[in-house]
Amino acid sequence: MNIPVELKYTKDHEWVKIEGDVATVGITDFAQGELGDIVYVEVETLDETLDKEEVFGTVEAVKTVSDLFLPLSGEIIEFNESLEDEPEKVNSDPYGEGWMIKIKLSNPEEAEELLSDSDYKALVGA
């Protein structure tokens with residue numbers, strides 16, 4: 001299982017990469033493995049400002065649909081539109097081409113509450 005050291009994580013199995021006041025978000029390798037083959041990613045909250053832990057979209061796999069929870073408060077400024085035609089990128093490259101959204105952070109201090117790679121490894125038993 002791949003858990004990059006440079007990223008932060010949530011208990012909802014999302015990863016966060018923070019660059020300045022923008023965070024890139026996707027689901028973890030563990031999450032995509034649990035979901036199975038991803039067939040659809042829906043984000044209808046583009047250009048909206050949401051609070052931490054609000055639902056920003058859904059990910060649909062062959063057998064299930066899961067809500068996606070915003071790891072940090074802010075405005076959703078970008079959606080990875082390539083996932084509309086190739087949702088399987090979430091399975092094949094969850095930390096790269098399978099990223100989902102970018103957020104302009106409204107409360108950067110919330111990042112201190114995210115899990116480190118070692119905390120996330122303990123959570124998933126890796």
Side-chain angles (χ1 to χ4, degrees):
M1 183 183 334
N2 185 11
I3 302 175
V5 176
E6 69 277 8
L7 302 176
K8 296 290 186 185
Y9 300 89
T10 71
K11 291 178 179 159
D12 296 314
H13 307 290
E14 290 156 348
W15 59 264
V16 182
K17 180 179 182 181
I18 299 172
E19 298 171 290
D21 65 348
V22 175
T24 303
V25 178
I27 65 170
T28 64
D29 190 29
F30 175 84
Q32 69 80 23
E34 293 289 303
L35 288 167
D37 291 338
I38 294 177
V39 296
Y40 189 66
V41 177
E42 180 176 57
V43 174
E44 293 184 345
T45 51
L46 188 63
D47 299 323
E48 291 182 26
T49 299
L50 301 174
D51 290 330
K52 177 182 171 184
E53 298 181 1
E54 281 192 84
V55 174
F56 72 84
T58 56
V59 62
E60 184 176 336
V62 174
K63 297 180 181 179
T64 189
V65 176
S66 290
D67 285 334
L68 298 166
F69 298 96
L70 201 63
L72 300 165
S73 301
E75 179 185 356
I76 298 173
I77 58 171
E78 191 175 343
F79 167 61
N80 183 354
E81 293 181 6
S82 72
L83 298 181
E84 291 178 348
D85 296 325
E86 299 177 273
E88 64 275 7
K89 286 181 177 181
V90 175
N91 292 116
S92 63
D93 191 11
Y95 301 113
E97 291 185 7
W99 67 273
M100 294 182 174
I101 60 167
K102 292 191 179 189
I103 310 163
K104 182 164 179 41
L105 302 176
S106 56
N107 189 357
E109 298 79 33
E110 289 175 346
E112 295 170 17
E113 300 167 24
L114 295 172
L115 303 174
S116 68
D117 63 302
S118 56
D119 293 335
Y120 187 71
K121 284 177 186 173
L123 177 73
V124 299

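Side-chain atoms are counted along with the backbone in the values below, which use heavy atoms only and exclude waters and symmetry mates.
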| task | Please say whether more than 12 non-hydrogen atoms of neighbouring residues, nucleotides or ligands are located less than 6.0 Å from CD in Glu44. | result | no
| request: Evaluate whether atom NZ of Lys52 has more than 12 neighbouring non-hydrogen atoms of other residues, nucleotides or ligands under 6.0 angstrom away. | output: yes
| Carboxylate-amine/guanidinium proximity below 4.0 Å for Lys89 and Glu97 | yes
| said: Determine whether a donor-acceptor pair (N or O, by modelled atom type, separation under 3.5 Å) exists between the side chain of Glu53 and the backbone of Phe69. | reply: no
| Short side-chain to backbone donor-acceptor contact, Asp29 and Asn2, under 3.5 Å | yes
| Are Leu123 and Tyr9 connected, step by step, through hydrophobic side chains (Ile, Leu, Val, Met, Phe, Trp, Tyr) whose heavy atoms are closer than 4.5 Å? | yes
| said: Please check: side-chain N/O of Asn91 versus main-chain N/O of Gly36, any donor-acceptor pairing under 3.5 Å? | reply: yes
| said: I'd like to check Ile38 versus Val62 (side-chain heavy atoms, cut-off strictly below 4.5 Å). Are they in contact? | reply: no
| request: May I ask you to test the Val59-Val65 pair for a side-chain heavy-atom distance under 4.5 Å? | output: no
| On the ring face of Trp15, is Lys17 found with NZ or CZ under 6.0 Å from the centre and within 45° of the axis? | no
| request: Examine the side chains of Ser82 and Asn80 and answer whether a donor and an acceptor come within less than 3.5 Å of each other. | output: yes
| field | Backbone of Asp51 reached by a side-chain donor or acceptor of Glu54 within 3.5 Å | value | yes
| request: Check the pair Leu35, Ile27 against side-chain contact (heavy atoms from CB on, under 4.5 Å), reporting the backbone distance first and the verdict last. | output: CA-CA 10 Å; Leu35 288 167; Ile27 65 170; 3.8 Å; yes
| message | Is a donor from one side chain sitting under 3.5 angstrom from an acceptor on the other, for Thr28 and Tyr120? | response | yes
| field | Rounded distance [0.5 Å steps], CD in Glu42 versus CE in Met100 | value | 12.0 Å
